[in-house]
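This structure is a prediction, so every number in the text was calculated from the model and none was measured.
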Amino acid sequence: MSDSDDDIPQLSAATLAALQEFYREERDGLVQSTAPVDKYSVGAVEEDWRMSQFWYSDETATRLVEEVIQEAGKGGRIACLSAPSVYQKLKQGVVEGSDGVSAVVLEYDRRFATYGQEFIFYDYNEPLALPEDVAPQSFDIVLADPPYLSEECLNKVAQTVKYLAKGKVLLCTGAIMEEHAEKLMGLKICSFLPKHNKNLANEFRCFTNYPSNLMS
């Protein structure tokens, strides 16, 4: 999976400097492993900004899980497309209603294969290369967070979303993608501002094709 470096969501200068220092210490064996015991903890799989991975803050992940649970309805099916931290928060079972829905995570990073049958390998460059048992229009809501801020990437992710979704779509991406999100999937920008554990220089927003509580 590749794309222009200019299309990767950018870390703020202070966050990038701290992260580079962490990687230096990790390389030199100075960082002790503090991996959470719970495999569904956000951070159980460390984010890799070189793969354009940026996990949501706990508050944002919780808010997005509340949204998809409400919109999927009891017994609903949820697809988390390139949004593993939302999937993880959902599977923790701490958000009301999480035990009444099912979810899968579609990801390029095979470290998430630890989630068994709920992991679906996904490369946006092959938007319809999905397992045969993933039926079209089989998810009550699809939450997508494309890895790159480019029309080319969003166009391919949109193909996947349209294949998976019965109707409802929740997209999280850079504000600069607003025009493309509306053109490709008929999505409208929400007022809710998603935040990440590591500060990004890019402004991120949510977009939906249905009346959402994230609008206000």
Side-chain angles (χ1 to χ4, degrees), residues 1-3 7-8 38-48 50-56 61 64-65 67-93 95 97-148 150-173 180-181 184-187 207-210:
M1 183 170 63
S2 63
D3 213 306
D7 298 329
I8 299 175
D38 182 0
K39 70 176 183 178
Y40 293 118
S41 293
V42 175
V45 176
E46 292 185 5
E47 62 185 8
D48 187 342
R50 293 165 295 190
M51 294 178 66
S52 192
Q53 291 179 337
F54 305 97
W55 304 159
Y56 291 117
L64 293 176
V65 168
E67 176 72 12
V68 294
I69 288 174
Q70 176 177 316
E71 296 303 326
K74 189 171 181 59
R77 301 187 71 218
I78 299 165
C80 298
L81 179 60
S82 300
S85 57
V86 176
Y87 168 82
Q88 289 170 324
K89 175 56 66 173
L90 173 61
K91 296 297 292 184
Q92 288 173 23
V95 178
S98 58
D99 59 345
V101 297
S102 61
V104 299
V105 57
L106 294 93
E107 251 296 330
Y108 181 78
D109 188 345
R110 293 188 184 274
R111 290 181 298 168
F112 291 99
T114 187
Y115 298 134
Q117 293 184 344
E118 292 184 352
F119 167 79
I120 299 172
F121 176 75
Y122 175 70
D123 182 349
Y124 82 87
N125 288 299
E126 300 182 84
L128 299 179
L130 299 170
E132 292 183 359
D133 60 351
V134 179
Q137 288 80 56
S138 55
F139 292 91
D140 296 282
I141 186 167
V142 175
L143 185 153
D145 184 351
Y148 299 104
S150 70
E151 184 176 7
E152 181 263 347
C153 178
L154 186 58
N155 180 60
K156 291 178 178 178
V157 168
Q159 294 178 49
T160 311
V161 168
K162 291 175 182 178
Y163 178 86
L164 296 173
K166 292 180 180 179
K168 294 177 182 177
V169 176
L170 170 54
L171 174 72
C172 300
T173 189
H180 301 310
L184 291 169
M185 291 180 279
L187 306 180
F207 304 83
T208 67
N209 62 350
Y210 59 88

Please name all residues satisfying side chain to side chain donor-acceptor pair (under 3.5 Å) with Gln137, sequence neighbours left out, ordered by chain then number. none
Indicate the atoms forming the closest heavy-atom contact of [X] with [Y], along with that distance.
| X | Y | value |
| --- | --- | --- |
| Ala181 | Leu171 | CB-CD2, 3.8 Å |
| Phe207 | Thr173 | CE1-CG2, 3.7 Å |
| Val157 | Ala144 | CG1-CB, 4.2 Å |
| Leu128 | Tyr163 | CD2-CB, 3.8 Å |

Does the pair Ile120 and Val105 meet the rule for a side chain to side chain contact (heavy atoms under 4.5 Å, CB included), with working shown? CA-CA 6 Å; Ile120 299 172; Val105 57; over 6 Å; no
Donor-acceptor contact below 3.5 Å, side chain [X] vs main chain [Y]:
| X | Y | result |
| --- | --- | --- |
| Ser150 | Cys153 | yes |
| Thr160 | Pro127 | yes |
| Tyr210 | Leu170 | no |
| Lys89 | Leu64 | no |

Does the side chain of [X] reach to within under 4.5 Å of the side chain of [Y], using non-hydrogen atoms?
| X | Y | answer |
| --- | --- | --- |
| Leu90 | Val95 | no |
| Val104 | Gln117 | no |
| Ser98 | Ile69 | yes |

Derivation of the side-chain hydrogen bond (donor to acceptor under 3.5 Å, both in side chains) call for Lys156 and Gln159: CA-CA 5 Å; Lys156 291 178 178 178; Gln159 294 178 49; over 6 Å; no
Tell me whether the rings of Tyr108 and Phe121 are parallel (<30°), tilted (30 to 60°) or perpendicular (>60°). tilted
Got a sec, which residues hit salt bridge (Lys or Arg N to Asp or Glu O under 4.0 Å) with Lys166, two or more places apart in sequence or on another chain? Asp140
Residues in salt bridge (Lys or Arg N to Asp or Glu O under 4.0 Å) contact with Glu118, at least two apart in sequence or another chain: Lys91
Which is it for Asn155 and His180 under the side chain to side chain contact (heavy atoms under 4.5 Å, CB included) test, yes or no, and what are the steps along the way? CA-CA 8 Å; Asn155 180 60; His180 301 310; over 6 Å; no
Among Ile141, Leu143, Val142, whose side-chain contact (heavy atoms from CB on, under 4.5 Å) with Lys168 holds? Ile141
Using the rule side-chain contact (heavy atoms from CB on, under 4.5 Å), only one of Asn209, Val161, Thr208 pairs with Met185; which is it? Val161
Between Gln88 and Tyr115, is any side-chain donor less than 3.5 angstrom from a side-chain acceptor? yes
Where do Tyr148 and Tyr124 land on the side chain to side chain contact (heavy atoms under 4.5 Å, CB included) test, with the steps shown first? CA-CA 10 Å; Tyr148 299 104; Tyr124 82 87; 3.7 Å; yes
What pairs with Phe119 under ring-ring contact (aromatic ring centres under 6.0 Å, His included), at least two apart in sequence or on another chain? none
I'd like to check the ring-ring contact (aromatic ring centres under 6.0 Å, His included) partners of Phe139; sequence neighbours left out, ordered by chain and number. none
Tell me, with the steps shown, if Glu152 and Asn125 meet side chain to side chain contact (heavy atoms under 4.5 Å, CB included). CA-CA 9 Å; Glu152 181 263 347; Asn125 288 299; 4.0 Å; yes
Quick one: side chains of residues 75-85, donor-acceptor pairs under 3.5 Å with protein atoms, not counting sequence neighbours, listed by atom name and distance.
residue: Arg77; atom: NH1; partner: Ser138; partner atom: O; Å: 3.0
residue: Ser85; atom: OG; partner: Tyr56; partner atom: N; Å: 3.2

How many angstroms lie between atom CG of Asp109 and atom OH of Tyr122, to the nearest 0.5 angstrom? 15.0 Å
